[in-house]
Colleague: 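Just dropping this structure here.
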Number of protein chains: 2
Amino acid sequence: MSEPAQQTPAATPGNTPGKRVNRREEILRAAADVFASQGFHNASLADIAATLGITPAGVLHHFGSKTDLLTAVLELRDSADPPPKGRRFLDHLVDTAERNAARPGTTRLYAVLSAESVTEGHPAQDWFRHRYAELRADVEAAVVDRLDPGAAVPAADGVPEAARPTREAAAAILAVMDGLQVQWLLDPDAVDMAAVTRLVADALVTHLAGTGDGPAAGPGAADRTA
Amino acid sequence: MSEPAQQTPAATPGNTPGKRVNRREEILRAAADVFASQGFHNASLADIAATLGITPAGVLHHFGSKTDLLTAVLELRDSADPPPKGRRFLDHLVDTAERNAARPGTTRLYAVLSAESVTEGHPAQDWFRHRYAELRADVEAAVVDRLDPGAAVPAADGVPEAARPTREAAAAILAVMDGLQVQWLLDPDAVDMAAVTRLVADALVTHLAGTGDGPAAGPGAADRTA
DNA sequence: GTCTATAAATTGATAGAC
DNA sequence: GTCTATCAATTTATAGAC
């Protein structure tokens with residue numbers, strides 16, 4: 001899921017370097033824009049091709065099918081710098097919410113595609129399923145570490161993962177971020193994505209600490225960090 | 001937003017009562033199913049018509065256009081019994097999450113359509129924008145009432161609505177519910193929608209009570225109710 | 001009132017020119 | 001390697017039969 005499957009031709013022989021860097025990437029950017037505006041199903045190859053002044057078939061030369069194009073667009077994200085693991089991951093999420101408010105296009109891309117992916121036979125279904133599973137684990141690790149600095153996520157202790165309070169908190173934090181995006185995209189003045197994300201993270205950590213779940217961790221410590 | 005715009009012919013003259021109650025409603029149910037499975041844009045009138053054994057044009061006779069059909073499907077929800085206002089509204093949300101887990105079709109319908117509605121020129125955009133605005137107000141009223149039983153939501157006191165902690169909590173609770181639906185639809189065993197919704201509602205109420213926001217309200221009171 | 005036949009436009013994708 | 005001409009299938013919607 002992390003390795004870019006498609007080879008990125010560092011400098012295609014017939015390409016004048018500096019004149020046109022990479023046609024594939026131009027198409028990728030155009031496709032990301034159009035998918036963000038229209039969703040995957042409603043977007044047409046013609047829309048994407050028109051952005052670049054070519055025909056739909058021109059796009060399909062570089063990517064075998066519309067589905068392949070979507071896959072490549074999603075894989076783009078994995079190119080970015082890796083997020084911090086552990087305690088700092090929660091702050092990173094709040095930062096992400098803040099940055100998302102400055103780039104509606106990218107925000108809409110993932111908001112629309114993630115929800116669209118639950119439709120029958122959607123090509124991005126596996127990608128998002130795995131992505132959420134991974135993120136839930138990462139966020140849980142961050143929550144556990146904040147409750148009890150240095151601790152690791154406890155192994156299976158009888159109850160299923162989904163029922164573990166720290167895992168529930170992780171699912172909740174991710175869910176808030178996603179849900180806020182839709183509300184914000186519909187009405188940017190109605191919600192502050194970063195502020196609400198921070199509020200929920202703080203509230204959950206405080207709550208779990210008070211419930212007697214984490215071994216120690218005073219309420220104050222958890223309160224101030226996110 | 002509450003009144004059904006389309007007239008519901010109580011008993012069309014030429015209709016044998018009891019044999020076929022209402023062709024419109026049959027189409028509406030079929031459309032809801034297909035929109036839930038495919039989303040609005042990807043769904044075709046042919047898919048809907050096939051369910052009933054007729055042609056696409058047969059569907060368009062009852063509803064002037066595909067968009068009108070979507071509008072009618074969304075308006076269906078307003079027919080249900082009205083949810084409780086005030087304090088009990090939070091419990092109602094948890095109940096809703098639990099019921100949603102038993103009807104994936106309806107859950108998917110709103111999860112897919114709400115996110116799809118943020119795409120450019122989507123016909124359901126206004127509907128969802130208004131829906132969220134209304135829900136945020138209702139949920140905030142419930143949160144306020146739980147923090148300080150009997151109290152009402154304070155009028156504008158300088159800070160914008162979106163920045164008021166109780167309003168932020170309301171947006172958060174709705175966002176969690178929406179985000180959880182996507183995670184759950186992708187992987188039903190990974191999350192318990194009702195449990196996590198309750199967790200977040202409790203955590204937020206406790207947190208706001210502790211922050212010194214609500215006038216009084218002991219932590220214990222808020223803890224036990226949701 | 002209920003619906004089929006039909007049209008006009010658009011879709012993703014193949015085959016092949018340059 | 002880059003892309004256009006072209007195709008077969010599917011789209012929403014109109015006009016009109018019953």
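Letters A, B, ... mirror the listed sequences (proteins, then strands); counts begin at 1. Since the model is a prediction, treat every value here as computed from it, not as a measurement.
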Colleague: How close or far is atom C1' of C:dA13 from atom CD1 of A:Ile48, stated in whole angstroms?
Modeller: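 So the two atoms are 14 Å apart, to the nearest Å.
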
Colleague: Quickly, which of A:Arg164, A:Arg146, A:Lys85 forms a salt bridge (charged side-chain N to carboxylate O under 4.0 Å, His left out) with A:Glu140? Name it, please.
Modeller: A:Arg164

Colleague: Taking the minimum atom-to-atom distance to the side chain of B:His62, which one of C:dA5, C:dA13, C:dC3 wins?
Modeller: C:dC3

Colleague: Whole angstroms only, please: what is the NE2-P distance between A:His41 and D:dT11?
Modeller: 12 Å

Colleague: Taking the side chain from A:Arg24 and the backbone from A:His62, do they hold a donor-acceptor pair closer than 3.5 Å?
Modeller: yes

Colleague: Please determine whether a side-chain nitrogen or oxygen atom of A:Arg23 lies at a distance below 4.0 Å from atom OP1 or OP2 of D:dC3.
Modeller: yes

Colleague: Could you tell me the separation between the CG atom of A:Asn42 and the P atom of D:dT11, rounded to a whole number of Å?
Modeller: 13 Å

Colleague: Does atom CD of B:Glu98 have more than 12 heavy-atom neighbours, drawn from other residues, nucleotides or ligands, at distances under 6.0 Å?
Modeller: no

Colleague: Which part of the nucleic acid, if any, lies within reach of B:Ala49 when heavy atoms closer than 4.0 Å are counted: base, sugar-phosphate only, or nothing?
Modeller: nothing

Colleague: Tell me the interatomic distance from A:Leu60, atom CG, to C:dA13, atom C1', rounded to whole angstroms.
Modeller: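 Distance, rounded to whole Å: 6 Å.
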
Colleague: Quick one: which of D:dC3, C:dT4, D:dA5 gets closest to the side chain of A:Ala57?
Modeller: D:dA5

Colleague: Any idea which of D:dT4, C:dA13, D:dT11 is nearest the A:Ser65 side chain?
Modeller: C:dA13

Colleague: How close or far is atom P of D:dA13 from atom CZ of B:Phe63, stated in whole angstroms?
Modeller: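 It works out to 14 Å between those atoms.
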
Colleague: Nearest nucleotide by nearest heavy atom, which residue falls closer to the 5' end of DNA chain C, A:Gly64 or A:Ala46?
Modeller: A:Ala46

Colleague: So does B:Arg99 have more than 12 non-hydrogen atoms from other groups sitting under 6.0 Å from CZ?
Modeller: no

Colleague: Separation of B:Leu52 atom CG from C:dC3 atom P, in whole Å?
Modeller: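 From B:Leu52 CG to C:dC3 P: 9 Å.
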
Colleague: Is there a side-chain contact between A:Ser44 and the phosphate of C:dT10, meaning an N or O under 4.0 Å from OP1 or OP2?
Modeller: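 The answer is no; no side-chain N or O of A:Ser44 sits under 4.0 Å from OP1 or OP2.
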
Colleague: May I ask you to say what B:Ile54 touches in the nucleic acid, namely base, sugar-phosphate or nothing, with a heavy-atom cut-off under 4.0 Å?
Modeller: sugar-phosphate

Colleague: Starting from P on D:dG1, measure out to CD1 on A:Ile27 and report it in whole angstrom.
Modeller: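 About 14 Å, once rounded to whole Å.
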
Colleague: Between A:Asp68 (CG) and C:dT14 (P), how many Å, whole number?
Modeller: 11 Å

Colleague: B:His122 pairs by ring-ring contact (aromatic ring centres under 6.0 Å, His included) with which of B:Phe128, B:Trp127, B:Phe40?
Modeller: B:Phe40

Colleague: With a 4.0 Å cut-off on heavy atoms, is A:Leu45 in touch with a base, just the backbone sugar-phosphate, or nothing at all?
Modeller: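 Sugar-phosphate only.
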
